[in-house]
Every structure is written in C-alpha cells, then in structure tokens.
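Below is one structure, written out as structure tokens, with a few remarks after it.
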Amino acid sequence: MTGMTNIVKTVTRIIGGVVFLFGLYIVTHGHLSPGGGFAGGTIIAGAFILLVLAYGDNIMHLRRIKEESSALENIAIFCILIMAAVGFLLGTKVFFNNFLPIGTAGQLISAGIIPLFNILIGIEVAAALFTIFLAFVIFKEEEK
Amino acid sequence: MEALLAVIILLMIAGSIYTLHARDLLSAVIAYGITGFGLVICFLLLKAPDLAIAQIVVEIITLIIMIAVIRISTREDLTEGATIKVEGVRYVNLRSAVYFVTGLLFVVGFLYFFVKSTLNLDPFGVHSARMAQVYLEQGVELTGSANLVAGVLFDFRAYDTLGEATILITAVVGILTVLRLKGRK
C-alpha cells in the first residue's frame, strides 16, 4: 500500500501522537469525565489508521500487525472474563463484583475495577476496529 | 431549542433520504455522514456528552471503513429490478421475492411482539423505574465513580458491557471469515 503526499505525511507526524495521547486520556479518565473505553478505544484505533493511511506499508508487515492486533483483542476480552470470574470468587457471589476498594469519588485512582475495565475495553475496541480496517486494506492489496 | 433540534432532524432526514437514492455509493456514504454528525449535535444539545463522544468517533471510523469497502468493491449502485426478462419472457426475480417475504415476516412478528409487550406496560405518563432512582441517588457512593454513566455501564450493568464487547469480537470474526474466502481460492 503506497502512502500519501508529503503534506499529509507531515501533518500526520505532528498530529498522530496527539490523537493517540487524547485516546489514552479518554480511556483512563473514563470514570471521571465523559468518554470511556468505547470512545477512547475508537480514537486510539483512529490514530493507528491515520498512520497506515498516510505512510503506507508493505503487505507482509501489514499481515503481521493484523495477526498481532487480532491476538491483542482476544487477550483483552479474555482478561475481562478473568476479572469477572475473580469478582465472582471473592466476596458475594455476583458476576462482575467490584472487589477492589472504592476510594474517594473524583480521584484518578478510585472506583475499584471500573478504570481497569475501561482500559481493557479500550484495548479490545481499538484492536478490533484496527483489525477490521487492516482486513480490508490487505484484501485490496491481495487483489492486485 | 426545540426549533433548533427540529431543523437538525429535518437535515438528518434529508441526508438519509439522499443516501437511499444516490446512484454513486461514495456520495451516499458522505451523505450518510450528515445523519451521523447531526445526531452528534442533537446529543450535545440534549446534554449527553458521553453519547456524543462515542457517536462522533464511531462515525469517523465507520466512514473510513465504508470508503475502504467502496474502494475494494464498486462505486455504482447495483440494484436489481423486481422482474427479469429472459428471451422475451418475464420472470419474477427470486431474490427480491425472498427479500419482500422476509421483510413482511419481520414486520408481522415485530408488530405481534410489540402489541404483546405494550399490553403489560404502565399507563402513559406513569412509570415505575425503581432501579433508575436508586442508581441516580446512590450510584456515586456505591461505585465510587464520579461519572455516573461509567458507573452504570461498568458496575451495575457490566454484563451488558461484556455483551457489547462480544458483539465487536463477532463482527471481527465475521469480517475475517468473509474476506479470507478469496485468499483460499
């Protein structure tokens, strides 16, 4: 897949990291401000999609990162299930029990397992959307 | 604010009607963006920033993915007529007949269950959402999450969130399966 012009490449070099950091901020502050795992994960996937679209890549590397991101997605949702099961085993027998200490509302480290869930959901959503995009790009490349 | 909402919703309706009737699929996708971004403004006006953020980023990503799909398939709209003419004889197009019958069955089934479920509802204007009241009053103390939406999504209704994540997994598995058929040929 060929990249785009120099203008797009320069703008991507400036903006890409900021977009990625904004996604991380939305994910980690999901329990304090609007946003959360789904929105932040989509922004992170958007940063990666921007890089692939602007700079392009050869197909072997694209295939490898598709395998990696699809593996990451499955690992993230597996971790969510493990955490739900841990909540079931500790304390009251409720699936997705909030087993960590709650802390004071409004601080960054508070709300028990909700930030961890946000981060895992963010990884899962980012990897899933990036995998879908890469699948289409690789399909187009193989057609040539 | 109602007038502003009405204008935006009219714009969204116009965008979706154009999406359905556009010959060029790329312009259809761009017009579909009107619907999505109008919905973002509606959410912001109705003070739902969580939904607005999710909607705007998902809108952008789906736009990119749909343009990628149009690039690898076709740009023109390939709709079939209801009848096909083969050697002077008119036949009913079996595919559109199947579409029609399936749609009719879904409409009838949906109406049946809709009537069945609305009979058990409270009368109009009276609602008994006891859990919602508890969430609103004690949600912050019970979950410790300053953002009540995150508290409901990831603590009270975490099982629903797991289902949403599973939907994404299923979509990825389906897309990878469909796009692999060509590679195996």
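As the structure is a prediction and not an experimental result, all values here were calculated from the model. The chains referred to below are lettered A, B, ... by the order of the sequence lines, with proteins before strands, and numbering in each begins at 1.
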Residue A:Leu81 versus chain B: region with a heavy atom under 4.5 Å: side chain
For the pair B:Leu11 and B:Val7, evaluate side-chain contact (heavy atoms from CB on, under 4.5 Å) and give the outcome as yes or no after the intermediate values. CA-CA 6 Å; B:Leu11 201 66; B:Val7 170; 5.7 Å; no
Rounded at 0.5 Å granularity, tell me how far CG in B:Leu10 sits from CG in B:Leu5. 11.0 Å
Considering only heavy atoms, which portion of A:Ser33 lies under 4.5 Å from any heavy atom of chain B: side chain, backbone, both, or neither? backbone
Chain B heavy atoms under 4.5 Å from A:Ile77: which part of the residue, side chain, backbone, both or neither? side chain
Go through the steps for A:Phe48 and A:Phe20 under the test side-chain contact (heavy atoms from CB on, under 4.5 Å), then give the verdict. CA-CA 8 Å; A:Phe48 283 106; A:Phe20 182 70; 3.9 Å; yes
Starting at CD1 of B:Ile34, measure out to OG1 of B:Thr19 and round the result to the nearest 0.5 Å. 7.0 Å
B:Ile67 CD1 to A:Phe136 CZ distance, which is reported to the nearest 0.5 Å: 12.5 Å
Tell me, out of B:Ile53, B:Val172, B:Val173, who's got the most heavy-atom pairs with chain A below 4.5 Å. B:Val172
Toward chain A, the part of B:Ile169 with a non-hydrogen atom under 4.5 Å: both
Could you tell me which portion of A:Phe38 (side chain, backbone, both or neither) has an atom closer than 4.5 angstrom to a non-hydrogen atom of chain B? side chain
Heavy-atom pair count under 4.5 Å with chain B, highest-scoring of A:Ile43, A:Ile114, A:Ile138: A:Ile114
I'd like to know if the side chain of B:Tyr135 and the backbone of B:Val152 have a donor-acceptor N/O pair within less than 3.5 Å. no
May I ask you to test the B:Leu45-B:Ile8 pair for a side-chain heavy-atom distance under 4.5 Å? yes
Can a salt bridge be assigned to the pair A:Arg64 and A:Glu68 using a cut-off of 4.0 Å between side-chain N and carboxylate O? yes
Are B:Val40 and B:Ile60 connected in a single hydrophobic cluster, I mean Ile/Leu/Val/Met/Phe/Trp/Tyr linked by side-chain heavy atoms less than 4.5 Å apart? yes
Please output the residues of residues 123-133 of chain A in contact with chain B, using a heavy-atom cutoff of under 4.5 Å, in numerical order. A:Glu124, A:Val125, A:Ala128, A:Leu129, A:Thr131, A:Ile132, A:Phe133
Please determine, among A:Thr42, A:Val137, A:Ile26, A:Ile80, the option with the most heavy-atom pairs under 4.5 Å with chain B. A:Thr42
Below 4.5 Å, heavy-atom pairs only: which of B:Ala171, B:Ala165, B:Ala54, B:Pro49 has the largest tally toward chain A? B:Ala165
Working for side-chain contact (heavy atoms from CB on, under 4.5 Å), residues A:Thr10 and A:Arg13: CA-CA 5 Å; A:Thr10 311; A:Arg13 197 157 55 224; 4.1 Å; yes
Side chain, backbone, both or neither: which part of B:Val149 has a non-hydrogen atom closer than 4.5 Å to chain A? neither
Any side-chain heavy atom of A:His29 sitting closer than 4.5 Å to one from A:Asn118? no
